[in-house]
Undergrad: 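Have a look at this one before I ask anything.
Values below: every heavy atom of this structure, side chains too, minus hydrogens, waters and symmetry copies. Every chain is numbered from 1 and lettered A, B, ... according to where its sequence line falls, protein lines coming before strand lines.
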2 protein chains.
Amino acid sequence: MEKKGCPIPNATARRIPMYYRYLKTLEESGVERIKSKDFSKMIQIPSATIRRDFSHFGELGRSGYGYDVSFLIEVFSHILNTEVEKRIALVGVGNLGKALGRYNFKNNDHLNIVCAFDTDSEVVGEKIKDIVVEDMSCLEERIKKEGVTTAILTVPSKYSQTVADKVIAAGVTAILNFAPGRIRVPDNVKVQYIDLTTELQTLIYFDENFTSSKQINF
Amino acid sequence: MEKKGCPIPNATARRIPMYYRYLKTLEESGVERIKSKDFSKMIQIPSATIRRDFSHFGELGRSGYGYDVSFLIEVFSHILNTEVEKRIALVGVGNLGKALGRYNFKNNDHLNIVCAFDTDSEVVGEKIKDIVVEDMSCLEERIKKEGVTTAILTVPSKYSQTVADKVIAAGVTAILNFAPGRIRVPDNVKVQYIDLTTELQTLIYFDENFTSSKQINF
DNA sequence: CACTAGATGTGAAAAAGTTAACAAGAGGTG
DNA sequence: CACCTCTTGTTAACTTTTTCACATCTAGTG
């Protein structure tokens with residue numbers, strides 16, 4: 001460990017889920033050990049970055065050997081706290097909402113959408129996998145009862161602030177928002193935005209302006 | 001302009017689409033001028049960062065006045081090259097694919113999904129908005145004919161490499177990949193990944209580990 | 001068991017990105 | 001038209017992130 005009590009850098013933290021996912025894939029394929037260089041080829045992140053990232057969590061590897069896959073999984077599993085089920089609410093069951101509801105959070109059975117809400121009476125009562133879509137009026141009570149702390153918002157952007165306020169009032173502290181447009185939340189609530197249009201534009205912008213192989217994200 | 005011929009920083013480039021989107025919103029609301037400080041409140045990015053970002057494209061504002069909204073839109077529109085239609089192919093028309101196909105790239109009528117492909121005979125022939133889903137075997141010919149250079153991939157991850165190879169062979173140079181798992185592409189092809197599971201995990205990780213208001217992305 | 005090949009973890013340097021702070025200049029008012 | 005207020009654009013400091021390069025250590029071999 002580089003230093004006791006030194007906080008994990010933001011950039012490192014954002015890479016953990018990807019590390020975790022790939023390690024699970026490796027394990028499934030029966031790979032028992034991995035070297036930073038090989039892992040680097042696989043996930044397209046420089047090996048030095050990988051080693052530096054890993055080092056924040058202790059001395060996880062062995063010189064001249066590499067890393068033990070199942071041990072790494074154990075470590076990252078603990079960091080991501082996958083032992084505890086994450087109960088998630090889906091708010092807004094339009095096309096995208098339905099798709100997400102049916103989406104399989106692959107290899108992550110601790111991520112569970114446990115309730116879904118919409119205002120549209122056409123949709124309310126419908127089943128997404130094994131959960132029944134409820135009316136928004138049930139939201140607060142339901143979220144409290146289910147112990148949900150994470151919400152996925154796929155509502156039209158003009159409603160996203162109102163809906164965010166509602167789920168926060170019910171106890172949600174983490175929001176994944178698919179609507180473009182920032183929402184205002186208290187300090188203790190985290191929001192992650194996924195805006196398909198801007199992602200697409202960013203991609204096209206880089207495609208048109210950088211001929212060489214320049215990575216966009218990580 | 002800070003310096004002639006100095007390249008736009010990566011971080012700045014990634015923020016352009018968001019700037020553009022908000023400016024369009026402002027214009028729609030009839031706002032004619034905006035100060036970096038007010039814009040900052042709106043999009044939750046420090047005003048210094050905004051001014052610095054803007055400065056890369058010239059002296060866009062006026063002291064003691066702010067920025068002219070429609071002029072900024074003009075500038076960013078040009079940077080994002082919105083005058084030219086982007087013709088996009090959708091490959092994989094499952095739940096998520098359908099949702100994306102019906103998704104309205106709001107305020108961006110230059111982003112157009114012009115064809116869609118799947119292998120599933122249940123889906124082939126179906127209509128998504130006004131385009132008919134075709135069999136994968138038509139992909140190459142169609143993409144060439146339509147002049148498509150961007151593809152959205154929503155196929156199961158085990159096929160994503162094969163499909164990527166196919167669209168690239170047909171002339172695509174920008175790929176938005178929803179499947180987890182990096183794909184291998186030539187230098188001239190750009191890939192942007194959107195992995196819902198890792199986004200969700202990142203969000204939850206930050207929610208559980210950083211009580212204070214620490215931004216995850218920008 | 002000694003030796004070689006090869007990998008890790010990290011100090012130090014470089015690169016990239018952010019923020020503070022302010023000089024210069026425009027806007028608007030009386 | 002002079003003045004006060006306010007905002008930009010940018011210089012410089014600072015922070016974060018990436019990358020290099022290598023001392024140190026382990027695995028595996030003969």
Undergrad: Measure from NZ on B:K35 to P on D:dC6 and round the result to the nearest Å.
TA: 9 Å

Undergrad: In terms of the angle between their ring planes, are B:Y67 and B:F54 parallel, tilted or perpendicular, with boundaries placed at 30° and 60°?
TA: perpendicular

Undergrad: Evaluate the ring planes of A:Y205 and A:F210, with Trp represented by its six-membered ring, and classify them as parallel (under 30°), tilted (30 to 60°) or perpendicular (over 60°).
TA: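 Correct class here is perpendicular.
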
Undergrad: Using heavy atoms to find the nearest nucleotide of DNA chain C for B:D53 and B:R33 separately, return the residue whose nucleotide is more 5′.
TA: B:D53

Undergrad: Can a donor-acceptor pair be found between the side chains of B:D53 and B:S55 at a distance below 3.5 Å?
TA: no

Undergrad: For A:E32 and D:dA27, give me the distance from atom CD to atom P, rounded to whole Å.
TA: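 Atom CD in A:E32 sits about 15 Å away from atom P in D:dA27.
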
Undergrad: Below 4.0 angstrom from OP1 or OP2 of C:dA26, is there any side-chain N or O of B:Y67?
TA: no

Undergrad: Give a yes/no on whether any side-chain N or O of A:R62 is located under 4.0 angstrom from OP1 or OP2 of D:dA27.
TA: yes

Undergrad: Does B:R52 put a side-chain nitrogen or oxygen below 4.0 Å from OP1 or OP2 of D:dA12?
TA: no

Undergrad: Does a side-chain N or O from B:S36 land closer than 4.0 Å to OP1 or OP2 of D:dT8, or not?
TA: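 Answer is yes, contact under 4.0 Å.
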
Undergrad: Look at the side-chain N and O atoms of B:R15 and state whether any lies under 4.0 Å from the OP1 or OP2 oxygen of C:dT18.
TA: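 For C:dT18, OP1/OP2 do have a side-chain N/O of B:R15 under 4.0 Å.
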
Undergrad: Could you tell me the separation between the CD atom of B:E59 and the P atom of C:dA23, rounded to a whole number of Å?
TA: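 After rounding, the gap between these two atoms is 18 Å.
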
Undergrad: Rounded to whole angstroms, how far apart are CZ on B:R51 and C1' on D:dA12?
TA: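 Computing the B:R51:CZ to D:dA12:C1' distance gives 15 Å.
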
Undergrad: List the steps and the verdict of side-chain hydrogen bond (donor to acceptor under 3.5 Å, both in side chains) for B:Q192 and B:N177.
TA: CA-CA 6 Å; B:Q192 174 101 307; B:N177 189 12; over 6 Å; no

Undergrad: May I ask you to evaluate whether B:S63 reaches the phosphate of D:dC6, defined as a side-chain N or O under 4.0 Å from OP1 or OP2?
TA: no

